[in-house]
Amino acid sequence: MSVIVEIRDLVKCFGELTAVDHVTFEIERGEIFGLLGPNGAGKTTTISMISCLLAPDEGDVIVAGHSVRTHSIEVRRALGIVPQEIALYPTLTAAENLKFWGRMYGLSGRELDEAVDYGLEMAGLADKARVRVETFSGGMKRRINIAAGVLHRPQVLLMDEPTVGIDPQSRNHILETVRELNRDGMTVVYTSHYMEEVETLCDRIAIVDHGRVIADGTLDELRALVGDEDHIRISLGDASPEGSAEAAEGDADTGVAEETETPPEMLAILEGIRQVPGVTRADAVGSALEVLAGDAAAVLGGVVESIAAAGAHLRAIEVVEPDLESVFLHLTGRGLRD
Amino acid sequence: MRDPAAMGVLLGMPVVLILILGSALGGAMDSGIKVAVVDLSRGHSTATGSAKPPSDELVSAILESERLADLFEIEQLPTERLAREQVRDGSIAAALLVPAGFDEDVASGRPVNLVVLRDPGSELSAGIWESVVTAFAAQFSAASVSVQTVMETVQRGNPSALMAGGGALVAKAVEAVTSDDGLDGVKVVDAQVKGLTAVSAIDYYGLSMVAMFLMFGAMFGAFSTIKENREQTLNRMLSTPSPRAQIVGGKMLSVFVLGMMQFSVLYVATRFVFGVQWGGDVLATVVVAAAEMLAVTGLATLIASVAHTERAAGGIGPLVVQIQALIGGAFFSISVLPDWVQPVRYLSVVGWTMEAWGAIQTRGAGLTDVWGSVAALLAIAGVLFAVGVWRTEALR
């Protein structure tokens, strides 16, 4: 496969803040590429520079052989954008919205009509073509939002958190749509804070934190970074140390967790677990605990005992395959939602 | 276009305000314009006989006219010098000088030359007075021709003709000159009505409210870019291959077109439903409206670059419109203010618009007469738009 998007040493600063700090990675033609990281990691800023909305302070982005610095119109022609917000006109109908956005991509006449029909079919809203978007459910709006980005059949589709705040049925529809577009040959760059989506959807993933790419590769390659240790995930119940559970919930819709210090009670539990022979690492991730051990079966008893000794209520405990949360934890010492 | 509330504000509100202000302030507008008459022919008349000389008849007709009394506070002054002083100091808006030799001119059928002294700061009021005087002058010309015809008939030695009908003819001519009914009969009414209705309250507020609400319309239209920025449709547009200039130009064009549609609706409604006199040059009126739209778009672009949020813009915008309307003469004629304050209207888009529309309305001005105001509006548009775009780009 050939490289279709090349990010070269990209830098973007806002005053004193370096939002994107010498980021470099490549996206190959025909793949679904995931961009994963906590809020404020620099994902949207990177996407904005790829889509020519922000000019890089340093570095360059090459899309389909064109530089954003010198050939931005060619770059924008090669791209389709699905923004995180529902960027549609609510008082226009679904068909009118698609027609408008099709025109913005230079479509007209029969080509435009066909594109609108394609978009409505793809969104599963052909029967709602003449209904105003403002009357749609969140999921329906999301689907039209995606359709508006692919009318001109772009080479690369940038999708920024496209499943935020929608019902599971619409989410499944969208994920299936992404796979379908990809099967048709479209390269997809997908950002999400839903790790499960990125894990199941993406061929390759770049993990960003504090404006830097800290790891990239396939899911297996990233999992390998954690090593072959067993991964134990522990959920604490209502009797968990005060404040920890509430702080970890954060904003359920956006996935934004509040930045809080780990409470002393939780630190005491962690300290107890770390003393259990065989445990190599223990961290708090919201109200949950993440424990790494060479042999999970050998340490479970000691871990449960230490939790009970700290006066906490154990709600669930499971041994899981290392996932992106584990990878991020391993690389940064923090949870993705911390 | 699909927002009924916005349409109500932009189209319904000005009509309602025109009606309210036109009705409520009609009395205030329709009386109290201070003018004066000076009869310089008094003492110079060579007319003989017991009949009052024409100058007396004219002055009496003006002073005693009930119809004029509804519009003017008319004072008779003894000297031209005093009249000039009062015009100069703004005590009166205008003065009519009945020149020496007026009676002879009328008697001999020569053209009547009346002089109107105008206060440049009370252009509107003085314009009305001049229109009235013009109508009277025309009336006297007609009457004097009739008189001369009768007198020539008599002088040719045909007294029986005079007995048969000449007396009635003379009486009719004199009546035409002096009576209020004669004003209607003479039918210089067109010129008179044009002048009078041009300054009726509903005519004045018809123009001023349209000028003000065009500002509201264009400003709300231009502020929509803030909403589009928040809702990300603007960013989505900017990420398409369409050139940025085309996108910005398209948005401005839509504001302009919507504004002109708003103007068209208001123009038709005020002119044909409420009978507002806009003047004869429709093209000049439309050009001024277009220039105002551009100026307001520039102003809105600047405000949007300062305000950032819809809420802030929604607060600043109407305030700016009200101030512009106030200093531009939308609520009352700026000519009532002291001379040193009056130039403040040139800081206002509404002021320039009202100046141009007022000239078209009251003086029958055309495109060539109002190009100065149009140029000023376009200059305002250019400067404000450039600064607004520069600020917006700098902040991105």
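Side chains are part of it too, since the values below use all heavy atoms of this structure and drop only hydrogens, waters and symmetry mates. Chain naming here is simple, since letters A, B, ... match the order of the sequence lines and numbering starts at 1 in each. From a predicted model like this one, the values you see are computed outputs, not experimental measurements.
Residue A/Ala55: no heavy atom, backbone or side chain, is found under 4.5 Å from chain B. Proximity to chain A is absent for every atom of B/Gln246, based on heavy atoms less than 4.5 angstrom apart. In this structure, chain B has a heavy atom under 4.5 Å from the side chain of A/Phe100, while its backbone stays farther away.
For chain A, the option among B/Gly250, B/Ser242, B/Pro243 with the highest count of heavy-atom pairs below 4.5 Å is B/Ser242. Looking only at heavy-atom pairs under 4.5 Å with chain B, the residue among A/Arg76, A/Glu74, A/Arg103 that has the most is A/Arg76.
Summarising the geometry, atom OG belonging to B/Ser239 is positioned 5.5 Å from atom CG belonging to A/Leu53; distances are rounded to the nearest 0.5 Å. For the atom pair B/Thr240 OG1 and A/Leu79 CG, the distance stands at 11.0 Å (nearest 0.5 Å). With values rounded to the nearest 0.5 angstrom, A/Asn97 atom CG is found 9.5 Å from B/Thr233 atom OG1. Atom CG of residue B/Leu238 and atom CG of residue A/Leu54 lie 11.0 Å apart, to the nearest 0.5 angstrom.
Scanning both residues, A/Glu85 and B/Glu231, for their nearest heavy atoms gives CB-O, 4.3 Å.
Counting heavy atoms from C-beta outward, A/Trp101 and B/Met237 have side chains that approach closer than 4.5 Å. Annotation: side chain of A/Leu88 is in contact with side chain of B/Arg236 (closest heavy-atom distance under 4.5 Å).
By a heavy-atom distance cut of under 4.5 Å, A/Met104, A/Tyr105 are the residues of residues 104-125 of chain A near chain B, going up by number.
By the 6.0 Å contact criterion, NZ on A/Lys12 is enclosed, its count of non-hydrogen atoms from other residues, nucleotides or ligands being greater than 12.
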